[in-house]
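Structure first, then comments.
Worth knowing before you read on, the calculation uses all heavy atoms, side chains too, and leaves out hydrogens, waters and symmetry mates. Each ligand, and each atom within it, is numbered from 1 in the order the structure gives. Predicted, not measured: the structure shown is a model, and the values here were computed from it.
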Amino acid sequence: MRTKISGFYKKSPEERLVIIAKQLNLSKEEQEIIRGQDGFSVDVADHMVENVIGSFPIPLGIAVNFKVNEKEVFVPMATEEPSVIAAASNAAKQSAKGFFTSYTGSIMRGQIQLTNVLDPYGALARIYENKEVILEKCNAEDPTLVSLGGGAKDLDVHVIEGATEKMVVTHLLVDTKDAMGANAVNTMAEAVAPFIEKITGGNAVLRILSNLADQRIVRARGVFENPFLGDKDAEEKFIRAYELAEVDPYRAATHNKGIMNGITAVVLATGNDTRAVEAGAHAYAAITGRYRSLTHWEVGAHDSMIGSIELPMPVGLIGGATTSHPVAKVAMKILGVETAEELAGIIASVGLAQNFAGLKALAGKGIQEGHMKLHARNIARMVGAKDDDLDKVVELAAKQGKISYETIKQIVLSLEVDND
Ligand code: NAD
């Protein structure tokens with residue numbers, strides 16, 4: 001399979017779909033699902049959430065040029081923000097050897113909070129003494145997961161000084177394999193809480209997953225060969241821009257938001273939980289006590305730029321909407337992933353590529369020129385341009401050299417007068 005397709009961005013949506021369908025052997029039915037003809041009905045929606053009255057479409061695009069762990073991959077991205085898919089594709093092209101990833105395994109944490117414990121440290125010890133019984137009780141809740149080699153594997157118990165009292169918080173460490181695992185972990189936490197109450201004399205309050213999935217970490221690395229063509233000034237600006245995100249939370253928030261533009265788009269396209277991944281990413285970015293960059297950038301040999309990213313990635317191929325959303329199922333087929341590890345690696349690589357593209361543009365001539373060109377269509381629509389006039393409006397605005405709400409409104413008004 002070849003994901004480097006020249007001029008992919010210039011083709012029509014139908015031509016792009018034909019290319020993807022051919023390379024991935026998508027059936028006619030799967031193609032219809034992607035086109036939006038056959039896929040997501042109100043009935044499907046009604047089975048997913050409550051009080052349904054319809055659905056809310058988001059564009060689905062494909063990022064090209066990605067090679068992750070020596071395997072070429074087309075990356076489905078669902079996003080409403082212009083420039084994101086183009087930037088990811090462009091950055092991936094500049095990482096000649098692609099991306100290389102590693103994964104700590106799919107360990108999620110479930111928390112059981114105990115209050116009113118007479119002897120918090122004694123209780124902590126008793127919980128550890130009963131570790132095997134606790135794990136057994138958890139595993140009895142999910143024989144399927146256990147049969148796949150997953151399940152509750154270990155405990156981690158903390159005494160936490162709250163505003164009112166010392167609380168005992170038991171963490172269940174559960175290997176959720178190829179599921180995100182929230183339901184699996186929550187079920188275990190609720191099931192085992194009465195036993196923990198019994199051996200500690202405390203009262204269980206919260207019994208739920210922690211979204212700080214610090215034992216489900218994915219790392220990705222990419223080398224961008226001489227991206228500034230020897231321009232030392234541009235290279236230095238890129239590194240300085242990254243360094244600000246390491247020390248200044250105001251910059252880090254925007255730096256990481258750019259990374260999440262890519263990550264969230266793939267997480268959404270695959271029917272995974274965007275909020276879970278975002279909460280985990282931002283909490284992990286602040287794990288040292290200061291909110292920092294999720295990426296690192298270093299200058300390597302021959303002016304190469306070496307990027308790396310590290311963050312929790314609680315995504316699955318099974319469970320949640322990953323299997324109930326028809327478009328997510330086809331997106332998963334396009335990715336061709338068979339494990340949560342593979343999916344996590346691709347998502348982290350997209351985040352790294354997105355960050356490279358963002359920093360390169362920001363530290364270079366800025367992002368507004370390219371971004372606003374793409375955004376111009378949205379503004380034109382916003383001020384009431386007819387579909388047939390969109391290209392003309394963008395072209396005229398670009399010619400004027402100024403793409404703003406005001407200029408586009410003037411152009412749309414002048415076209416309306418011409419049409420009358
Ligand atoms: P799930 O319960 O639908 O599916 C997971 C189950 O599938 C496992 O428990 C296992 O029994 C079975 N299974 C079959 N094959 C498997 C395989 N290869 N690997 C692993 N398990 C396999 O889904 P889930 O992943 O437990 O929960 C995800 C859902 O929970 C998401 O929709 C998420 O939005 C939601 N959720 C999230 C939070 C949170 O993030 N705080 C809280 C509650 C619910």
Which of parallel (below 30°), tilted (30 to 60°) and perpendicular (above 60°) describes Phe356 and Phe224?
-> parallel
Which residue and non-hydrogen atom of the protein lie closest to atom 43 (C) of ligand 1, and at what distance in Å?
-> Asn186 ND2, 3.4 Å
Where the closest heavy atom to atom 28 (C) of ligand 1 is concerned, which of Met188, Glu338, Met180 has it?
-> Met180
Picking from Ile112, Ile134, Leu172, what satisfies side-chain contact (heavy atoms from CB on, under 4.5 Å) with Met188?
-> Leu172
Atoms of ligand 1, numbered as shown, that sit under 4.0 Å from any heavy atom of Ala179 = 5 (C), 19 (N), 20 (C), 21 (N), 25 (O)
Determine the minimum heavy-atom distance between Asp154 and Leu135, stating which atoms define it.
-> N-CD2, 3.8 Å
What residue and atom, counting heavy atoms only, is the protein's closest point to atom 37 (C) of ligand 1, and at what distance?
-> Ala182 CB, 3.2 Å
If we only count N/O pairs under 3.5 Å, is Gly319 in contact with ligand 1?
-> no
Side-chain touch Val168/Thr200, heavy atoms, less than 4.5 angstrom = no
Side chains of Asn69 and Thr101: is there a donor and an acceptor less than 3.5 Å apart?
-> yes
Which pairs would a plain distance check flag for residues 142-149, meaning a side-chain donor or acceptor within less than 3.5 Å of a matching protein atom at least two apart in sequence or in another chain?
| residue | atom | partner | partner atom | Å |
| --- | --- | --- | --- | --- |
| Asp142 | OD1 | Leu145 | N | 3.1 |
| Ser147 | OG | Thr144 | O | 2.6 |

Below 4.0 Å from any atom of ligand 1, is there a heavy atom belonging to Gly181?
-> yes
Considering only the protein, which heavy-atom contact is closest to atom 18 (N) of ligand 1, and what is its distance?
-> Leu148 CD1, 3.6 Å
Determine the interplanar angle of the His296 and Tyr242 rings, folded into 0 to 90°, and report it as parallel if under 30°, tilted if 30 to 60°, perpendicular if over 60°.
-> perpendicular
Identify, for atom 9 (O) of ligand 1, the protein heavy atom at the shortest distance, and state residue, atom and that distance.
-> Asp142 OD2, 2.4 Å
Do the side chains of Lys360 and Phe228 get nearer than 4.5 Å, heavy atoms only?
-> yes
Heavy-atom contacts with Thr176 under 4.0 Å: which atoms of ligand 1 show up? List them by number with element.
-> 19 (N), 20 (C)
Protein contact of atom 41 (N) of ligand 1 - nearest heavy atom, named by residue and atom, plus distance = Asn211 OD1, 3.0 Å
Examine Asp273 against ligand 1 and note whether any of their N/O atoms are separated by less than 3.5 Å.
-> yes
Identify, for atom 12 (C) of ligand 1, the protein heavy atom at the shortest distance, and state residue, atom and that distance.
-> Thr144 CG2, 4.2 Å
Look at atom 7 (O) of ligand 1 and say which protein heavy atom is nearest, naming residue and atom and giving the distance to 0.1 Å.
-> Ile318 CG2, 4.5 Å
For Arg216 and Pro314, the nearest pair of non-hydrogen atoms, with its separation, is CD-CA, 3.8 Å
Side chains of Gln94 and Asn90: do they bring a donor and an acceptor to under 3.5 Å?
-> yes
Hits for salt bridge (charged side-chain N to carboxylate O under 4.0 Å, His left out) against Glu29, two or more places apart or cross-chain, chain-then-number order -> none
Nearest non-hydrogen protein atom, atom 39 (C) of ligand 1 | Leu209 CD2, 3.5 Å
Any atoms of ligand 1 less than 4.0 Å from a non-hydrogen atom of Lys177? List them with their elements.
-> 19 (N), 20 (C)
Min over Asp178, Val146, Val315, Thr339 of heavy-atom distance to atom 19 (N) of ligand 1 lands on Asp178
Between Asn183 and ligand 1, does any nitrogen or oxygen pair lie at a separation below 3.5 Å?
-> yes
Using only heavy-atom distances, determine whether the side chains of Thr270 and Asn272 contain a donor-acceptor pair under 3.5 Å.
-> yes
Using 30° and 60° as the class limits, which term best fits the ring planes of His158 and His171: parallel, tilted or perpendicular?
-> tilted
Element-labelled atoms of ligand 1 that are located less than 4.0 Å from some non-hydrogen atom of Ala276 = 40 (O)
What part of Val185, side chain from CB on, backbone N/CA/C/O, both or neither, has a heavy atom under 4.0 Å from ligand 1?
-> neither
Taking heavy atoms and a distance under 4.0 Å, where does Ile208 meet ligand 1: side chain, backbone, both or neither?
-> neither
Checking heavy atoms under 4.0 Å, the part of Leu317 that sits near ligand 1 is neither
